[in-house]
**Student:** 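Right, I'll just put the structure down here and ask away after.
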2 protein chains.
Amino acid sequence: MVERDSVRSKGQQDETRDPRTLLALLWGEQEQPTRGPKPKLTPRRIAAAAAELADREGLDAVSMSKVAGGFGVSAMALYRYVPGKTELVELMVEEVMGEGPEMPESGEDGHWRAAVRAWTRQCADVYAAHPWLLTATALRRRVLGPRQLRWLDAALAALEPTGLDGAQRHRVFLLLIGLVRNVAQQQADHEEEQSAEWDRLAADLLARHAERFPALTKAMADGAFRADGVDPLEFGLDRILDGVEAVIGGRE
Amino acid sequence: MVERDSVRSKGQQDETRDPRTLLALLWGEQEQPTRGPKPKLTPRRIAAAAAELADREGLDAVSMSKVAGGFGVSAMALYRYVPGKTELVELMVEEVMGEGPEMPESGEDGHWRAAVRAWTRQCADVYAAHPWLLTATALRRRVLGPRQLRWLDAALAALEPTGLDGAQRHRVFLLLIGLVRNVAQQQADHEEEQSAEWDRLAADLLARHAERFPALTKAMADGAFRADGVDPLEFGLDRILDGVEAVIGGRE
DNA sequence: AGGCGGCGGTTTACGGTATATACAGTTGGT
DNA sequence: ACCAACTGTATATACCGTAAACCGCCGCCT
């Protein structure tokens, strides 16, 4: 389906690497060779190891040599399985997405809120478990691997009972992952080391410039950044669901 | 306020660089020296040049030597003004955020929807003008520069007439930037080169695996990804505003 | 059975990155 | 006038991704 030794980038970045090799990789549509020594690795195993590394030490720590070192092979060995690092990251994302969300029995109408809730929570869990997903999926074209499509499919399915048309369902999906990713980012910020130090510095700074940011100081005095037990994910989700409900109600 | 020659990272990454130097930089609280030659540059000018470079060639193209080359100085010269690259990126973000949004006369209640709309649109414009903002602000703790705080302040101010408490206003703000960033990402994806090529490949792939993604195929047949003239930003914004309205209505 | 060619892994090398360190030239305060 | 502070440079280190050439293994074909 795709030739194995395809090299066409000139030595710089991506420039123009054939998307088809990446797709073949993601979908496992590689024709495996017959002759030659048995490969020690697979793209899957490499991606899994790299993802684990990223979980432990962050995405920046994922380098070809470190990943290869984990297998006891040289860095260049990986290039027999993966066209380059960008493709490896893509595989890492796909790897970490798992088998897709477990959705409740949809069946009845009116339960679409619960279904969407379940989807969103599980998606948020994935992002929480792998904070590097945020940067790995920032920019660049994605949502092409089978597992990512599975998530998309599940979300669209959960929205079918709403009666929204396809375009609207898609836009609600965008709203949902936007929420998930944003909350994940917020939490990643806060779970960082020295978070308390930063908070202290920020509070001090704000106090010194209170008059420049009246609404912010007022909101802070009103408890804006105090933890009040309300999950921002749940709050946002409720807002979105209410918004969707408003469309449905207004149209029928 | 902050000593100028502070170096404590061992040669690796960030590790532990003093946050106070960054804050002093962002807020212009550097005490400027008296003796010695007049500096040719300023952090601001460097950040502006770097941002322009990023606008033209992308964030990856921003390297110390390229930025320095634009001024005709050596790469190391920049380190007299900026502690390191991460701080430079932070400055770039701050630079690009401009003077903050121009908000309409709030005055009357009930116009908060218009105010929030104006805020969101302008924020989206910034992201659209500088796509690298997405990756530059992915992960890492932010929202500490005066300009970013200005945006936050404006959003919170716009939400004051809603009667929501501080924590809720903050959560709505999170919802809004989540929307903006997500839409920006979506648009960046689509305006990429070879976008058509990718779409073709994706459509082909989906057709071959239609049975695995029933909801997705159904949604596509229903026009999910056809451009239908509805701005996804407006759609999401309406959903969020409706959601907020539901909270207000339900509580009073 | 033999060998050839596809393939896995290594080594080497190149150009790029951030940035530590040591230095030279310039300037203002004393 | 001199010294100390400051700016910019040159040099060096340690990484990074990856191109290219190479060697040894192995299954298919003759």
Side-chain angles (χ1 to χ4, degrees), chain A residues 2-17 21 30-43 45-46 50 53-54 57-90, chain B residues 2-17 21 30-43 45-46 50 53-54 57-90:
Chain A
V2 169
E3 69 277 12
R4 294 183 61 85
D5 269 345
S6 60
V7 173
R8 62 220 69 177
S9 82
K10 289 169 295 302
Q12 187 73 341
Q13 274 286 91
D14 271 331
E15 291 294 343
T16 29
R17 193 130 56 186
T21 65
Q30 303 270 33
E31 52 188 23
Q32 58 250 32
T34 56
R35 314 167 266 280
K38 290 289 152 73
K40 288 189 200 166
L41 306 173
T42 66
R45 294 218 314 150
I46 295 173
L53 212 180
E57 309 183 32
L59 189 60
D60 290 348
V62 175
S63 74
M64 290 308 213
S65 44
K66 288 216 197 83
V67 174
F71 289 110
V73 299
S74 80
M76 293 310 293
L78 301 188
Y79 286 88
R80 294 285 168 192
Y81 302 91
V82 164
K85 188 177 180 183
T86 59
E87 287 81 358
L88 172 57
V89 172
E90 222 85 25
Chain B
V2 169
E3 69 278 9
R4 295 183 61 84
D5 269 347
S6 62
V7 172
R8 65 221 65 181
S9 82
K10 287 170 297 301
Q12 188 70 344
Q13 274 286 91
D14 272 331
E15 292 294 342
T16 31
R17 192 130 60 186
T21 65
Q30 303 269 34
E31 52 188 22
Q32 59 250 30
T34 56
R35 310 172 266 284
K38 291 290 153 73
K40 288 187 198 167
L41 306 173
T42 65
R45 293 218 313 149
I46 294 173
L53 212 180
E57 308 182 30
L59 190 59
D60 290 348
V62 175
S63 73
M64 291 306 211
S65 46
K66 287 216 198 83
V67 174
F71 289 110
V73 299
S74 80
M76 292 311 293
L78 301 188
Y79 287 88
R80 294 287 169 194
Y81 303 92
V82 164
K85 188 176 180 182
T86 60
E87 288 82 356
L88 172 57
V89 173
E90 222 85 26

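Chain identifiers are assigned alphabetically (A, B, ...) following the order of the sequence lines, protein sequences preceding nucleic acid strands; residue numbering begins at 1 within each chain. Values below: every heavy atom of this structure, side chains too, minus hydrogens, waters and symmetry copies.
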**Student:** State, yes or no, whether a side-chain contact exists between A:R45 and A:Y81 at a heavy-atom distance under 4.5 Å.
**Tutor:** no
**Student:** To the nearest Å, give me how far apart CG (B:L78) and C1' (D:dG8) are.
**Tutor:** 11 Å
**Student:** Quick one: which of D:dT9, C:dA18, C:dG8 gets closest to the side chain of B:V73?
**Tutor:** D:dT9
**Student:** Tell me the interatomic distance from B:Y79, atom OH, to D:dT11, atom P, rounded to whole angstroms.
**Tutor:** 18 Å
**Student:** Which value, rounded to the nearest 0.5 Å, describes the distance between A:L53 atom CG and A:L59 atom CG?
**Tutor:** 10.0 Å
**Student:** Nearest 0.5 Å, what's the CD1-CG distance between B:I46 and B:L88?
**Tutor:** 7.5 Å
**Student:** Could you work out which one of C:dG8, C:dT11, C:dT21 sits closest to the side chain of B:M76?
**Tutor:** C:dT21
**Student:** Given atom CD of A:E87 and atom C1' of D:dT18, what is their separation to the nearest angstrom?
**Tutor:** 12 Å
**Student:** Write down the distance between CE (B:M64) and P (C:dG15), rounded to a whole number of angstrom.
**Tutor:** 23 Å
**Student:** Measuring to OP1 and OP2 of C:dT17, would you say a side-chain N or O of B:S65 lies under 4.0 angstrom away?
**Tutor:** yes
**Student:** Can you measure B:L41 atom CG to D:dG8 atom C1' for me and round it to whole angstrom units?
**Tutor:** 10 Å
**Student:** Please give, in whole Å, the distance from D:dC15 P to A:K66 NZ?
**Tutor:** 9 Å
**Student:** Whole-Å distance between D:dC23 P and A:R80 CZ?
**Tutor:** 14 Å
**Student:** Once you round to the nearest 0.5 Å, how far does NZ of A:K85 lie from CG of A:L78?
**Tutor:** 11.5 Å
**Student:** For residues B:L41 and B:F71, determine if any side-chain heavy atom of one lies less than 4.5 Å from a side-chain heavy atom of the other.
**Tutor:** yes
**Student:** Specify the residue among B:T34 and B:G84 whose closest nucleotide of DNA chain C lies further upstream toward the 5′ end.
**Tutor:** B:G84
**Student:** If you check the A:A75 side chain, which of C:dG5, D:dT18, C:dG29 turns out closest?
**Tutor:** D:dT18
**Student:** Report the nucleotide, chosen from C:dG5, C:dG25, C:dA18, that has the shortest atom-to-atom distance to any side-chain atom of B:P37.
**Tutor:** C:dG25
**Student:** Take the protein atom NZ of A:K38 and the nucleotide atom P of D:dG24, then report the distance between them rounded to whole Å.
**Tutor:** 21 Å
**Student:** Assign each of A:V62 and B:G36 to its nearest nucleotide of DNA chain D by heavy atoms, then name whichever residue's nucleotide is nearer the 5' end.
**Tutor:** B:G36
